[in-house]
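Just so it is clear, the values below take in all heavy atoms, side chains as well, and ignore hydrogens, waters and symmetry mates.
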Amino acid sequence: MGLLGKLFGLKQSGSDRLLGLESASEYRERWISIRVIYYMGFLIYLAFGIVATSLWPYLRNLDPDAEKVFLTYVFAIPSVLQLVCSPLFGWWNNKLDSIRVPMMFFLVAFIVGHVVYAVIEEIHVYKKHVLLLSRALIGMSTVSCTIYRAYMSSATTVAERTKAMSFLSLAQTGGLLAGSALQPIFSLLGEEGFHLIGLFRVNMYTAIGWFCAVLGCINLVLMMPFIFKDHQIALKEAVKGHGVKASKAVWKSAKLEFLPINLMLAAFALLMFIYTALQTLLSPIALDQFGWNNEESLFYLGILMTVGALISCILFLLLDPMCKRFSESNVLVYGAMFALFVSQVVLIPFGKEPITSFLNVSNSTNNITTSIGCPPTQEWCQWIPPIGKVQFTISYTLLCISFSIGTTLSQAVFSKLLGPRPQGTWMALLTCAGSFARILGPGSVTLYVIFGTYWTFGAGSVLTGLVFLWMWIYRHSLDPVKPAVQPDLAEELKVLNSTKLRQ
């Protein structure tokens, strides 16, 4: 109950009042707005998690001739849009007094994209390309991650930053959890489903689009001025008592250490790359190597992703106590990067049992023929053993652990290394690193199809091992920036030194 009180309570504490940065009403408004950002993070990640295991079956349902390579495009297009648009919107965000206009633009793109996703079956030509278009619109909405990360950096004090980022990550993982939990429920509708008022067919694929569109409309209402209000408390904290003229001098005096900044960019990008790669491969691996059909794949992978998300939620709640007991750099290096390395090593198959042969199975109920097993076009299936279900489960669990800890701490440390300066453009750089990684991640499907699991996860093991070693060597360089201010400002800015005020 105490934890829930901290999460949902809007009462200003005595220590916050003593800072003199805001009134009790301003504090309440600021944290209501932060909670709106939590909801948006939840929504964006729910939209990702709810389709992660159904995109490949949906694509094959829309176009039976579609190949796995096209699945790469479907998964990668949101990241391409994010990569292209994030720098522009990040720069624009630095020029605006409020993030409301860009956020509402992203939400409209989110809603339209999911409506298109839901009505593709009613379009009789170019269905797979319309699916790609809907994913592009949804990808445009993910640029909001740049904006709300920058806003979280400016709307929280240094003392609040890591915990606020943890709750944001908790909201995002809650979205993945909700998405992966809802997918098995929607799978109960089956591929046939039912017709809604005689216009649209609602089945286990299209119901997802309508559901996300409704949640997007709710978020649009929450961004209205009577609920969401911008607050820039980070700069107030940095220049307390020195007026507006001192603000630019303060953040410009903060020296940037590019080595640790690059380390955080590399860590964030690698986590996104490996996570997206495995998410893209979940369905192909389950269908090829476990001999499951589409509905079994959606059901069992949905359960696996739900358990993984639950583990992530628990870790987010434990992250702040862990960072008080151990340094943030050690938690990041060992809890995230080493776990990521082990997750790749575990996926390398061993044994002699052959992979299930390719079969065409007919369903006598609806006369639909489905294919299970490893297709003959993947010649490596004849000599590489299958990935065991236990291997697969352990690897995915370790991936959830590393992703949860790594993305949260890399964003928090990255923000602290930048100091109190405006972070829209810098957060766009972080988003671009993640977007570029997510573009490359789905390309693992091509590597998997051509060369098999040895090359796919062997390469992943080498890559994660090298980055882990790099971060381990330079782990002590991840202290936050200290502005080179005049002596009269130094005492006021002491709070920026997180070695004295542990997040």
Side-chain angles (χ1 to χ4, degrees), residues 38-62 71 74-79 82 106-107 109-121 131-132 134-142 144-145 169-191 193 200-219 275-276 278-283 286 294-313 396 400 403 438 441-442:
Y38 289 164
Y39 176 76
M40 188 160 192
F42 170 86
L43 180 61
I44 295 296
Y45 276 70
L46 178 142
F48 174 79
I50 204 170
V51 301
T53 58
S54 64
L55 266 178
W56 176 232
Y58 190 30
L59 176 59
R60 293 205 302 182
N61 181 268
L62 295 172
L71 177 66
V74 173
F75 265 101
I77 190 66
S79 299
Q82 196 177 62
F106 297 137
L107 284 169
F110 179 90
I111 294 166
V112 173
H114 279 97
V115 170
V116 172
Y117 186 90
V119 300
I120 297 175
E121 290 187 342
L131 176 63
L132 193 65
S134 74
R135 295 294 296 166
L137 288 170
I138 295 167
M140 175 64 72
S141 71
T142 64
S144 61
C145 296
S169 296
L170 177 62
Q172 292 170 340
T173 303
L176 289 175
L177 172 63
S180 57
L182 286 169
Q183 182 60 82
I185 296 174
F186 284 129
S187 70
L188 298 176
L189 293 172
E191 293 188 344
F200 305 110
R201 189 157 70 105
V202 178
N203 60 18
M204 66 182 187
Y205 306 124
T206 62
I208 292 170
W210 295 117
F211 180 74
C212 290
V214 170
L215 294 183
C217 291
I218 295 172
N219 203 163
Y275 188 78
T276 307
L278 192 58
Q279 289 286 349
T280 310
L281 286 168
L282 283 177
S283 288
N294 288 345
E295 292 186 4
E296 287 174 330
S297 172
L298 291 182
F299 182 77
Y300 292 121
L301 291 180
I303 292 174
L304 178 66
M305 293 174 67
T306 301
V307 173
L310 282 171
I311 293 171
S312 297
C313 290
Y396 189 79
C400 291
F403 186 78
R438 285 194 297 273

Which heavy atom in [X] sits nearest to a heavy atom in [Y], and how many Å separate them?
X      : Y      : value
Leu46  : Ala178 : CD1-CB, 3.6 Å
Gly216 : Leu107 : O-CD2, 4.3 Å
Ser144 : Ser141 : OG-O, 2.7 Å
Gly308 : Cys400 : CA-SG, 3.6 Å
Gly113 : Ser134 : O-CB, 3.4 Å
Met140 : Phe106 : O-CD2, 3.4 Å

Heavy-atom side-chain proximity of [X] to [Y] below 4.5 angstrom:
X      : Y      : value
Trp210 : Val119 : yes
Thr276 : Gln279 : no
Tyr117 : Leu137 : no

I need the [X] [atom1] to [Y] [atom2] distance, nearest 0.5 Å.
X      : Y      : atom1 : atom2 : result
Asn219 : Ile44  : CG    : CD1   : 7.5 Å
Leu55  : Phe75  : CG    : CZ    : 4.5 Å
Ile138 : Ile77  : CD1   : CD1   : 11.5 Å
Leu188 : Asn203 : CG    : CG    : 12.5 Å
Ile120 : Leu131 : CD1   : CG    : 4.5 Å
Tyr396 : Leu304 : OH    : CG    : 6.0 Å

For Tyr39, is the OH atom crowded, meaning more than 12 foreign heavy atoms sit under 6.0 Å from it? yes

Check the orientation of Phe403 and Tyr275. Use parallel for under 30°, tilted for 30 to 60°, and perpendicular for over 60°. parallel

Yes or no on side-chain contact (heavy atoms from CB on, under 4.5 Å) for Tyr58 and Val51, after CA distance, side-chain angles and deciding distance? CA-CA 9 Å; Tyr58 190 30; Val51 301; over 6 Å; no

Between Tyr205 and Leu62, is the side-chain contact (heavy atoms from CB on, under 4.5 Å) condition met? List the steps. CA-CA 10 Å; Tyr205 306 124; Leu62 295 172; over 6 Å; no

Name all residues meeting the side chain to side chain contact (heavy atoms under 4.5 Å, CB included) criterion together with Ala47; count only those two or more places apart in sequence or in a different chain, and write none if there are none. Phe110, His114, Cys212

